[in-house]
Amino acid sequence: MLAQVHEAMRQVIRPGISTAEINAVGEEEIRRLGGIPNFKNYRGFPAAVCISVNDVVVHGIPSEEIILKEGDIVSLDAGLIYKGWHSDAARTWGVGTISAEAESLIKDTRESFFTGMRLAKAGNHLYDISAAIGWFAESRGRGIVRELTGHGIGPHLHENPMIPNFEQKGRGILLVPGMTFAIEPMLTAGGEEIRLMPDGWTIRTEDGSLAAHYENTILITNGEPEILTGQEGGYQTYV
């Protein structure tokens, strides 16, 4: 269901649209499918979708005043509740024609997720995923946002354990079938420092560099991990 929500929002991204309009599309699709937007009013967040443009890493508040323009990149972070269970996923898209630098950042952020996913198997450990994401990001010269992490997910949106996007001391908990996680690398084209804006939500890169975000809710199985929020472009896979 959440994959369908993301596809509905992706289709309306264009120069001249406001982030408030994109949020309205996302919320309408969530409710049309029978879900509840789990971000809306979560700890006071005023919208169904976090929409973050260019140097905003996460938690951008949708607004009629924020208008997308040619060359921007926009990260859409959304979730929904269905029958008491939460999902959470994020995508970063280009608006019209974007720079090679922006395109490369989006690609690297997405690939860092899938690099981590390859280790999300029963018998491995949680921080194997973290290390793989971090190694890949560093190999591409990307800044890794370290203050923000992935997380467990299920009957609640944010559950333990937290899942950093860089190598940790130790290996973390053993992965067993049935565990569900939201894995979400947030990478930058510049430095790793971030700052919280006065609205109490919006988080930007300190140096003004571009940021990208990629996230899926995944399930640990007896075999390969399953992406529960996949179906990008009509397919559901982890490779």
Side-chain angles (χ1 to χ4, degrees), residues 6 9-10 13 15 17-20 22-23 26 39 45 47 49-63 65-79 88-116 129-130 132-151 158 162-167 182-216 229 232:
H6 270 286
M9 293 191 291
R10 185 192 68 80
I13 292 172
I17 194 170
S18 73
T19 57
I22 298 172
N23 174 74
F39 289 9
F45 190 76
V49 185
C50 297
I51 304 182
S52 305
V53 182
N54 293 334
D55 65 326
V56 178
V57 182
V58 288
H59 304 161
I61 299 174
S63 169
E65 307 301 316
I66 302 174
I67 309 296
L68 298 184
K69 63 183 185 301
E70 186 87 11
D72 284 343
I73 65 172
V74 57
S75 297
L76 308 177
D77 188 2
D88 191 1
R91 305 283 187 268
T92 301
W93 304 105
V95 182
T97 301
I98 62 175
S99 68
E101 176 191 36
E103 183 106 27
S104 176
L105 174 64
I106 292 171
K107 180 180 178 181
D108 286 348
T109 304
R110 182 181 183 278
E111 185 59 30
S112 72
F113 167 88
F114 287 102
T115 299
I129 300 170
S130 298
I133 292 171
W135 294 338
F136 179 86
E138 289 173 354
S139 76
R140 298 301 174 96
R142 301 304 180 190
I144 303 168
V145 176
R146 295 172 185 261
E147 290 92 335
L148 304 168
T149 70
H151 50 91
H158 293 118
M162 298 298 99
I163 309 169
N165 295 306
F166 53 95
E167 188 174 9
I183 298 175
E184 51 179 318
M186 291 151 275
L187 306 183
T188 78
E192 299 180 345
E193 298 301 316
I194 58 175
R195 58 191 169 103
L196 179 65
M197 303 307 291
D199 63 21
W201 283 104
T202 305
I203 295 178
R204 296 182 180 273
T205 57
E206 182 65 48
D207 60 7
S209 61
L210 294 177
H213 185 193
Y214 189 90
E215 174 186 22
N216 279 303
T229 51
E232 275 186 274

*Interatomic distance, Asn23 atom CG to Ile66 atom CD1 [nearest 0.5 angstrom]*: 11.0 Å

*Results of side-chain hydrogen bond (donor to acceptor under 3.5 Å, both in side chains) for Thr115 - residues two or more places apart only*: none

*asked:* Assess the residue pair Asn165 and Met186 against the criterion (side-chain contact (heavy atoms from CB on, under 4.5 Å)); give the C-alpha distance rounded to whole Å, side-chain angles, the decisive distance to 0.1 Å, and a yes or no.
replied: CA-CA 8 Å; Asn165 295 306; Met186 291 151 275; 4.0 Å; yes

*Ignoring hydrogens and angles, tell me if any N or O in the side chain of Thr109 forms a donor-acceptor pair with the backbone of Tyr214 under 3.5 Å.*
no

*Under the salt bridge (charged side-chain N to carboxylate O under 4.0 Å, His left out) test, which residues partner Glu138, sequence neighbours left out?*
Arg146

*asked:* Please report the interatomic distance OG1(Thr149) to CD(Glu184), rounded to the nearest 0.5 Å.
replied: 7.0 Å

*So, for Asn216 and Thr229, which heavy atoms are closest and what is the spacing to 0.1 Å?*
OD1-OG1, 2.8 Å

*Would a distance-only check, ignoring hydrogens and angles, find a side-chain to backbone donor-acceptor pair under 3.5 Å from Glu215 to Ala182?*
no

_Glu70 atom CD, over 12 foreign heavy atoms within 6.0 Å_ = yes

*Are any of the side-chain heavy atoms of Ile133 and Glu111 separated by less than 4.5 Å?*
no

*Apply ring-ring contact (aromatic ring centres under 6.0 Å, His included) to Phe45 and list each qualifying residue two or more places apart in sequence or on a separate chain.*
Trp201

*With rounding to the nearest 0.5 Å, note down the distance linking CD1 in Ile183 to CZ in Phe113.*
5.5 Å

*Taking all non-hydrogen atoms of both residues into account, name the closest pair between Gly94 and Ile106 and its distance.*
N-CD1, 4.0 Å

*asked:* Could you tell me if the side chain of Leu68 sits less than 4.5 Å from the side chain of Val53, heavy atoms only?
replied: yes

*Report the C-alpha distance between Asp207 and Thr188 in whole Å, list the side-chain angles of each, state the deciding distance to 0.1 Å, and finish with yes or no for side-chain contact (heavy atoms from CB on, under 4.5 Å).*
CA-CA 10 Å; Asp207 60 7; Thr188 78; 5.7 Å; no

*Residues two or more places apart in sequence or in another chain: which of them pass side-chain hydrogen bond (donor to acceptor under 3.5 Å, both in side chains) with Asp88?*
His151

*Is atom CD of Glu193 surrounded by more than 12 heavy atoms (other residues, nucleotides or ligands) closer than 6.0 Å?*
no

*Point-to-point distance, once rounded to the nearest 0.5 Å, from CD1 of Ile17 to CE of Met9*: 11.0 Å

*Indicate whether any N or O donor in one side chain lies under 3.5 Å from an N or O acceptor in the other, for Thr205 and Asp55.*
no

*asked:* I'd like to check the side-chain hydrogen bond (donor to acceptor under 3.5 Å, both in side chains) partners of Glu101; sequence neighbours left out, ordered by chain and number.
replied: none

*Mind checking what makes ring-ring contact (aromatic ring centres under 6.0 Å, His included) contact with His6, not counting sequence neighbours?*
none

*With sequence neighbours left out, what residues match Ile203 under side chain to side chain contact (heavy atoms under 4.5 Å, CB included)?*
Val57, Val58, His59, Leu148, Ile194, Leu196

*Determine yes or no for a side-chain-to-main-chain donor-acceptor pair under 3.5 angstrom, with Thr202 supplying the side chain and Met197 the backbone.*
no

*asked:* In the structure I gave you, are the side-chain heavy atoms of Leu76 and Ile22 within less than 4.5 Å of one another anywhere?
replied: yes

*Locate the shortest heavy-atom distance separating Pro164 from Ser130; write the atom from each residue and the value.*
O-OG, 2.6 Å

_Any non-hydrogen side-chain atom of Asp72 less than 4.5 Å from a side-chain atom of Lys69?_
yes

*Check whether any side-chain N or O of Asn54 sits under 3.5 Å from a backbone N or O of Ile73 as a donor-acceptor pair, and report yes or no.*
yes

*asked:* Quick one: does any side-chain atom of Thr92 pair with a main-chain N or O of His213 as donor and acceptor, under 3.5 Å?
replied: yes

*Phe39: what forms a ring-ring contact (aromatic ring centres under 6.0 Å, His included) with it, not counting sequence neighbours?*
none

*Start with the C-alpha gap between Val145 and Leu187, add the side-chain angles, then the distance that decides, and say whether side-chain contact (heavy atoms from CB on, under 4.5 Å) holds.*
CA-CA 6 Å; Val145 176; Leu187 306 183; over 6 Å; no

_With Ser52 via side chain to side chain contact (heavy atoms under 4.5 Å, CB included) - residues at least two apart_ = Val56, Ser75

*Would you please name every residue forming a salt bridge (charged side-chain N to carboxylate O under 4.0 Å, His left out) with Arg195, sequence neighbours left out?*
none

*asked:* As an exercise, state the distance from CD of Glu192 to OG of Ser209, rounded to the nearest 0.5 Å.
replied: 10.0 Å

*Report the C-alpha separation of Ser104 and Arg142 in whole Å, then their side-chain angles, then the decisive distance to 0.1 Å, and conclude whether the side chain to side chain donor-acceptor pair (under 3.5 Å) test is met.*
CA-CA 10 Å; Ser104 176; Arg142 301 304 180 190; 2.8 Å; yes

_Restricting to side chain to side chain contact (heavy atoms under 4.5 Å, CB included), what partner residues turn up for Arg10, sequence neighbours left out?_
Glu7, Trp93

_Could you work out, with side chain to side chain contact (heavy atoms under 4.5 Å, CB included) as the rule, every residue matching Ala20, not counting sequence neighbours?_
Ser18, Glu64

